[in-house]
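Some notes on the structure that comes next.
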Amino acid sequence: MAYNFDQLNDRRNTRSYKWDQGGKLFGEPDILPLWVADMDFLAPPAIQEVLKQRAELGIYGYAIRTDSYLESIVNWFKRRHYWDIETNWITDSPSIVTSLSLAVDLFSEPGGQVVIQSPVYYPFYDVIQSNGRVVAKNSLLLQNGRFEMDYEHLESLFKGGAKLLLLCSPHNPGGRVWEREELLKLGELCLQYGVIVISDEIHCDLTFPGHPHIPFASLSPELADITITCLAATKTFNLPGLHTSFIVTSNASLKRTIDQRLKTLSLHMAQHFAQDAVEVAYNEGEAWLDEMMVYVKGNLDYTLAYLAEHLPEVKPLYPESTYLLWMDCRELGLDIKGLKDLMFRQAKVAFSEGSVFGTEGEGWLRINLACPRSIVEQALRQFCDAANSSKRG
C-alpha cells in the first residue's frame, strides 16, 4: 500500500471529540474509543498540503466559492456514482445534520409526522423532535442477516398523512446498500402519496465491492424532483472537523427555499479552509480512498473471525458499506446498563450502545473499524475477555 494505515496517531489532548472525553462520557479517562464515526487515519496528503497552504496565508478573511470547487463535486459523482448533477443544483451547508434539521423545519408542519427507518443514525430523532415534529417509525425488518424495508407499514404511514421521509442511504448503523429495486419501490410510494425525501447519503463513497451505491435522485427525473440529497466529503476523507457539506436538488423551488433559509441564518458564506480541502479531496483523493477501504475490509474480516472464535454469542450483521459494524449482543443476556458496564468499566472500551439508534437497537453495539489494526485487536481482546470473564463469574 502507498499509505500507512497501521500508523498509530496519538489524538489525545488535541481537543478530540472521540479521544478526549473518556472520563466525561464513560467514566474512564483511559478508555479505548471506537464509537463516534471519525477515522484514526491521517487524511490524504494532498488535503494536508492544501490546508497548510491556506494556513500559511496568515490572513483568514471572508472567502468565496470557486467554479472549480463545484466542478470537483460534479466530476466526482459522475465518475464514482454515474450521477449527472449540475453545479446550480448544489448548496453548501455546515453539516449533514444542519441540512436535515433545516429540511424538517422547511418541508413539514409543526406537529406533523416525519418518517424514519429505525434503527437509524440518532440525530434523525433529534432533528425531528427538536423542530416540534413527531417521529413516525417505519422499523426495518431483520431478514436473512440484513435489514430490509417494510413497505406495507411504510404505506400505512403515508396514508396516515406523513409527507416527509428521512432516508439513510447507505444505512447507518446496519451497513445496508439499498438496491435499485428497493429504492424504486420506495420511490413509487413517495410519488403516489406526495412525500418529499431527504436522503442522507454521506456514506455513499464507503461501499464494499459488489454493492454499488445508487443515489436516490438518480433513479428518475420524477424522483429527483421530490428529493433533497445531503452529501459531504467529510466522512469519506476524515474531515468532519471542517464542518462542511452540501445539498443537491434539481427542484428549483425546493432549492430556493433552502437557500433563503441558509442566508437568513447567515450560514451561506464560504469557509476559509473547507472548500479547498473538498476540492482537492475529490480531485486527488481517489487512490487514498480505495486503499483505505481495502484496509477497513481487512479490519472487518479480522473482527468477524475474532468474534466467531472468541465470543460466538455476538452476531454481527455483515455490512455492505461504511466502516461501522452493527453487532447483535442480545445472547449475552445484558440490558442497556449491563452492556455499558461491560464496555466502559470491565473492558475499558467504548463502542456505541445500540439503543441510541432507536428501541430496535437495544442489545446491539456499533463498533468503528476505521482505525489501525492494532487498536481493533486490542479493543476486541479487551471486550471478549471481559464478556467471557463476566459469563464465568
Side-chain angles (χ1 to χ4, degrees), residues 34-37 39 116-122 124-125 137-151 153 166-179 181-183 186 200-214 235 293-336 339 342-343 349-371 376 379-380 383-384 387:
L34 289 84
W35 61 292
V36 68
M39 308 181 198
I116 61 173
Q117 295 174 304
S118 51
V120 74
Y121 181 50
Y122 48 87
F124 277 36
Y125 298 89
K137 279 191 183 184
N138 172 229
S139 299
L140 294 170
L141 305 173
L142 186 55
Q143 297 182 338
N144 304 314
R146 70 177 194 169
F147 284 128
E148 296 183 1
M149 297 187 191
D150 185 343
Y151 297 102
H153 179 256
L166 301 188
L167 175 65
C168 193
S169 178
H171 183 260
N172 173 16
R176 268 304 314 276
V177 177
W178 305 115
E179 297 171 4
E181 293 74 18
E182 293 175 297
L183 293 172
L186 174 67
D200 174 0
E201 302 186 13
I202 194 172
H203 293 279
C204 66
D205 298 316
L206 305 176
T207 60
F208 294 120
H211 302 284
H213 171 75
I214 300 172
K235 201 68 66 180
M293 287 304 295
V294 169
Y295 187 88
V296 167
K297 179 61 164 56
N299 280 351
L300 171 63
D301 292 343
Y302 176 88
T303 300
L304 296 175
Y306 193 94
L307 289 172
E309 179 179 355
H310 297 279
L311 196 62
E313 296 92 335
V314 171
K315 305 292 195 300
L317 289 193
Y318 192 92
E320 299 164 350
S321 65
T322 81
Y323 50 73
L324 307 167
L325 182 63
W326 188 234
M327 306 188 302
D328 185 352
C329 302
R330 288 175 292 180
E331 286 189 20
L332 296 177
L334 300 173
D335 59 11
I336 294 172
L339 271 179
L342 173 62
M343 285 190 294
V349 297
F351 306 148
S352 294
E353 188 275 312
S355 69
V356 301
F357 299 91
T359 54
E360 301 84 354
E362 291 181 11
W364 295 70
L365 298 175
R366 192 192 74 175
I367 178 173
N368 179 351
L369 298 175
C371 55
V376 173
L380 289 173
F383 180 72
C384 292

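Just the heavy atoms: all of them, side chains too, but no hydrogens, waters or symmetry mates, feed the values below.
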Closest contact, heavy atoms only, [X] versus [Y]:
{"X": "Cys371", "Y": "Asn299", "answer": "O-ND2, 2.9 Å"}
{"X": "Val36", "Y": "Ser352", "answer": "N-OG, 4.5 Å"}
{"X": "Val356", "Y": "Tyr122", "answer": "O-CB, 3.0 Å"}
{"X": "Pro173", "Y": "Pro119", "answer": "CD-O, 3.7 Å"}

Could you tell me if the side chain of [Y] sits less than 4.5 Å from the side chain of [X], heavy atoms only?
{"X": "Val296", "Y": "Phe208", "value": "yes"}
{"X": "Ile367", "Y": "Leu324", "value": "no"}
{"X": "Cys384", "Y": "Leu307", "value": "yes"}
{"X": "Thr359", "Y": "Lys137", "value": "yes"}
{"X": "His213", "Y": "Pro170", "value": "yes"}
{"X": "Phe351", "Y": "Asn368", "value": "no"}
{"X": "Trp178", "Y": "Leu167", "value": "yes"}
{"X": "Pro212", "Y": "Val177", "value": "no"}

To the nearest 0.5 Å, how far apart are [atom1] in [X] and [atom2] in [Y]?
{"X": "Asp200", "Y": "Cys168", "atom1": "CG", "atom2": "SG", "value": "5.0 Å"}
{"X": "Glu331", "Y": "Lys315", "atom1": "CD", "atom2": "NZ", "value": "3.5 Å"}
{"X": "Leu34", "Y": "Leu325", "atom1": "CG", "atom2": "CG", "value": "11.0 Å"}
{"X": "Leu332", "Y": "Arg330", "atom1": "CG", "atom2": "CZ", "value": "11.5 Å"}
{"X": "Met293", "Y": "Leu300", "atom1": "CE", "atom2": "CG", "value": "9.0 Å"}
{"X": "Leu369", "Y": "Tyr295", "atom1": "CG", "atom2": "OH", "value": "10.5 Å"}

Side chain to side chain contact (heavy atoms under 4.5 Å, CB included) partners of Val294, counting only residues at least two apart: Met1
Polar side chain donor-acceptor pair, Glu360 to Ser118, under 3.5 angstrom: yes
Over 12 foreign heavy atoms within 6.0 Å of CG, Asn144: no
Worked check of side chain to side chain contact (heavy atoms under 4.5 Å, CB included) between Glu320 and Thr207: CA-CA 6 Å; Glu320 299 164 350; Thr207 60; over 6 Å; no
Step-by-step side chain to side chain contact (heavy atoms under 4.5 Å, CB included) determination, Phe383 to Leu342: CA-CA 8 Å; Phe383 180 72; Leu342 173 62; 3.7 Å; yes
Ring geometry between Phe147 and Trp364 (parallel below 30°, tilted from 30 to 60°, perpendicular above 60°): tilted
Is there a donor-acceptor pair under 3.5 Å between the side chain of [X] and the backbone N or O of [Y]?
{"X": "Asn138", "Y": "Asp150", "answer": "yes"}
{"X": "Tyr323", "Y": "Ala37", "answer": "yes"}
{"X": "His171", "Y": "Gly174", "answer": "yes"}
{"X": "Glu182", "Y": "Glu179", "answer": "yes"}

is_close_aromatic(Phe357, Phe124), centroid dist under 6.0 Å: no
Intermediate values then yes/no, side chain to side chain contact (heavy atoms under 4.5 Å, CB included), Leu317 and Arg146: CA-CA 6 Å; Leu317 289 193; Arg146 70 177 194 169; 5.8 Å; no
Full working for side chain to side chain contact (heavy atoms under 4.5 Å, CB included) between Asn172 and His203: CA-CA 8 Å; Asn172 173 16; His203 293 279; 3.9 Å; yes
Ion pair Arg366/Glu353, N-O distance below 4.0 Å: no
